Amino acid sequence: MRFDPDLLDKLRGAHHIAVFTGAGVSAESGIPTFREAQTGLWANFRAEDLATPEAFRRDPFTVWKWYEWRRDLMREVRPNPAHLAIAALEQRVPHVTVITQNVDGLHHSAGSTDVIELHGNIWNNFCFHCRQPGEPAASASDVPPRCAHCGGMVRPGVVWFGESLPAPAWHRAAEVSEHADVFFCIGTSSLVEPAASLPRYAQSCGRTVIQINPEATLHDGFARHVLRGKAGHIVPELLRAAWPEQREGA
Ligand code: BJW
Ligand code: ZN
C-alpha cells in the first residue's frame with residue numbers, strides 16, 4: 001500500500017499522537033461491532049432494550065445476561081495487529097494517547113500505557129444504587145450480584161445511553177484532541193455523541209485527522225487523509241512505511 005509522503009512526514013515529526021478508536025479496532029480480534037446489520041451486537045436487539053439505565057431498571061436479569069454473554073466472548077480474545085501497532089507507536093513518538101470507546105480492555109493488553117476509556121470497562125462493576133465499586137467480573141454469574149454496602153444490584157462498569165461520560169476521562173480526551181499533532185480516528189461509525197465530536201474538534205483546532213475504516217463514515221469530511229481498509233492491515237503497514245528502519249514490535 002502506498003501512503004501520501006506528507007502523511008508519513010507528519011507522523012515522523014509528531015511529538016504527540018492521539019488515537020481515537022471504536023469497535024472496528026477489535027473486530028479482527030473476534031469481537032462483533034455494534035451496528036453491523038447481520039453480525040453486530042445489536043443485530044437481534046434494540047440498543048435501548050439493553051444499554052440504558054431504564055432497561056436495567058425494567059429487566060436487570062436480561063441486561064446482566066447480555067453482558068455476561070459478552071464477557072464470555074471476550075475472555076479468550078487477544079489483541080490483534082492493530083492494537084499491537086498502536087502500542088508500538090510509543091517506541092517511535094514521544095507521547096501517544098489512546099482515546100477509546102471500547103470497553104474490552106484490549107489496548108491495555110496490547111501494551112498501550114496511556115489509555116482513556118470513554119465508555120468504561122466491561123470487566124468492572126459498580127452498584128446501580130450507591131455507585132460503590134463491586135467485585136471485578138472474575139467469574140460468571142447468572143444474576144446481578146448484590147452490593148456489599150447497600151444490597152443494591154451490581155451493574156457492569158460501562159456508560160449507557162443517557163448517562164454522562166466519566167468527567168476526568170472526557171476532559172482529558174478533549175484536551176488531548178486539542179493539542180495532539182496527529183489525530184487518528186479508527187474503526188468507529190462516529191454515530192454516538194459526545195465521543196463522535198472529538199475528530200471534529202481536533203480538526204477545528206488545526207490537528208491533522210487521519211481516518212481508517214473499511215466503510216465511509218460521517219467524519220471522512222473532517223479528515224486530511226482517509227485510508228480505506230481494515231485497521232489490522234493498515235495500521236501496521238503505515239508504521240512500516242513511516243519508520244522502515246525499525247523492527248516490528250520495537
Ligand atoms: C472497522 C473494521 C476493521 C469494522 N477495521 N474499522 C446529540 C448530542 C449529544 C448526545 C446525543 C445526541 N443525540 C443523542 C444523544 C445521546 C446519545 C447518542 O449519542 N445517541 C446516538 C445514537 C444518537 N449519547 C449518550 O447518551 C451518551 N451520553 C450523553 O450524551 O450524556 C449526556 C446526556 C446525559 C443525560 C441525558 C442526555 C444526554 C452516552 C453514550 C454511551 C454509549 N455507550 C455504548 C455502549 C457501551 C457499553 C457496552 O459496550 O455495552 O458505547 S453504545 C455503543 O456505541 C458503544 C460504543 O462505544 C459506541 C460507539 O460505537 P462504535 O465503536 O462506533 O461501533 P459501531 O459498531 O457503530 O461502528 C464500528 C465501525 O467499525 C464501523 O464504521 C465499521 O465500518 C468499522 N469497522 N471492521 C477498522 N477491521
Ligand atoms: Zn450499593
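None of these values were measured; they are calculated from a predicted model. In each ligand, atom 1 is the first atom listed, and ligand 1 is the first ligand listed.
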Heavy atoms, side chains only, cut-off 4.5 Å: are [X] and [Y] in contact?
{"X": "V103", "Y": "E117", "answer": "no"}
{"X": "L238", "Y": "L8", "answer": "yes"}
{"X": "V154", "Y": "F128", "answer": "no"}
{"X": "R35", "Y": "W42", "answer": "yes"}

Decide, yes or no, whether a salt bridge links [X] with [Y] under the criterion of side-chain N to carboxylate O below 4.0 Å.
{"X": "K65", "Y": "D59", "result": "no"}
{"X": "E163", "Y": "R155", "result": "yes"}
{"X": "R200", "Y": "E193", "result": "yes"}

Heavy-atom distances under 4.0 Å decide this one: backbone, side chain, both or neither, for [X] against ligand 1?
{"X": "T188", "result": "both"}
{"X": "Y67", "result": "side chain"}
{"X": "A231", "result": "both"}
{"X": "W170", "result": "neither"}
{"X": "Q101", "result": "both"}
{"X": "H119", "result": "side chain"}
{"X": "V103", "result": "side chain"}

Candidate with minimal heavy-atom separation from atom 9 (C) of ligand 1, of E215, E28, E193: E193
Between G40, G24, S190, A23, which one has a non-hydrogen atom sitting closest to atom 64 (O) of ligand 1?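 The residue whose heavy atom sits nearest atom 64 (O) of ligand 1 is A23.
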Test salt bridge (Lys or Arg N to Asp or Glu O under 4.0 Å) applied to R71 and D104, step by step: CA-CA 9 Å; R71 284 168 172 162; D104 53 38; over 6 Å; no
Quick one: which ligand 1 atoms are inside 4.0 Å of a heavy atom on [X]?
{"X": "G22", "value": "62 (O)"}
{"X": "V158", "value": "47 (C)"}
{"X": "V192", "value": "19 (O), 40 (C), 42 (C), 54 (O), 58 (C), 59 (C)"}
{"X": "E163", "value": "27 (C), 28 (N), 29 (C), 31 (O), 39 (C)"}
{"X": "R70", "value": "48 (C), 49 (O), 50 (O)"}
{"X": "L191", "value": "21 (C), 23 (C)"}
{"X": "W42", "value": "52 (S), 53 (C)"}
{"X": "G162", "value": "25 (C), 26 (O), 34 (C), 35 (C), 36 (C)"}

Looking at atom 14 (C) of ligand 1, tell me if a protein heavy atom falls under 4.0 Å from it.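 For atom 14 (C) of ligand 1 the answer is no, since every protein heavy atom stays at 4.0 Å or beyond.
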Is_contact(atom 53 (C) of ligand 1), protein non-hydrogen, under 4.0 Å: yes
Return the closest protein heavy atom for [atom] as residue, atom name and distance.
{"atom": "atom 56 (C) of ligand 1", "answer": "F34 CE1, 3.6 Å"}
{"atom": "atom 20 (N) of ligand 1", "answer": "F161 CE2, 3.7 Å"}
{"atom": "atom 41 (C) of ligand 1", "answer": "V159 O, 3.4 Å"}
{"atom": "atom 74 (C) of ligand 1", "answer": "N213 OD1, 3.6 Å"}
{"atom": "atom 67 (O) of ligand 1", "answer": "S189 OG, 2.5 Å"}
{"atom": "atom 60 (O) of ligand 1", "answer": "R35 NH1, 3.1 Å"}
{"atom": "atom 78 (N) of ligand 1", "answer": "A27 CB, 3.8 Å"}
{"atom": "atom 70 (C) of ligand 1", "answer": "G187 O, 3.5 Å"}

Take a 6.0 Å sphere around NE2 of H129 and say whether it holds more than 12 heavy atoms from other residues, nucleotides or ligands. no
Should we say atom CD of E76 is surrounded by more than 12 heavy atoms from elsewhere, each under 6.0 Å from it? no
Which angle, to the nearest 10 degrees, do you find at the Zn ion (ligand 2) between SG in C147 and SG in C127?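 Here the angle at the metal atom is close to 110°, to 10°.
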When rounded to the nearest 0.5 angstrom, what distance separates SG in C185 from NE2 in H219? 7.0 Å
Could you go through the side chain to side chain donor-acceptor pair (under 3.5 Å) check for H83 and S112 one step at a time? CA-CA 8 Å; H83 297 106; S112 285; over 6 Å; no
Give a yes or no on whether the backbone of C205 and the side-chain of R207 come within a donor-acceptor separation of less than 3.5 Å.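 The answer is yes, because a donor-acceptor pair under 3.5 Å joins these two groups.
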Step-by-step ring pair (Phe, Tyr, Trp, His ring centres under 6.0 Å) determination, H15 to H95: CA-CA 6 Å; H15 180 72; H95 299 284; 5.1 Å; yes
Distance under 6.0 Å and angle within 45° of ring axis: R70 vs W66: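 Verdict for W66: a cation-pi partner in R70.
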Candidate pair D49 and R58, rule salt bridge (Lys or Arg N to Asp or Glu O under 4.0 Å), full reasoning: CA-CA 9 Å; D49 289 340; R58 191 173 54 236; 3.7 Å; yes
So W160 and F56, ring pair (Phe, Tyr, Trp, His ring centres under 6.0 Å) or not? Walk me through it. CA-CA 10 Å; W160 285 328; F56 190 75; 5.6 Å; yes
Give yes if a backbone or side-chain nitrogen or oxygen of A51 is under 3.5 Å from a nitrogen or oxygen of ligand 1, and no if not. no
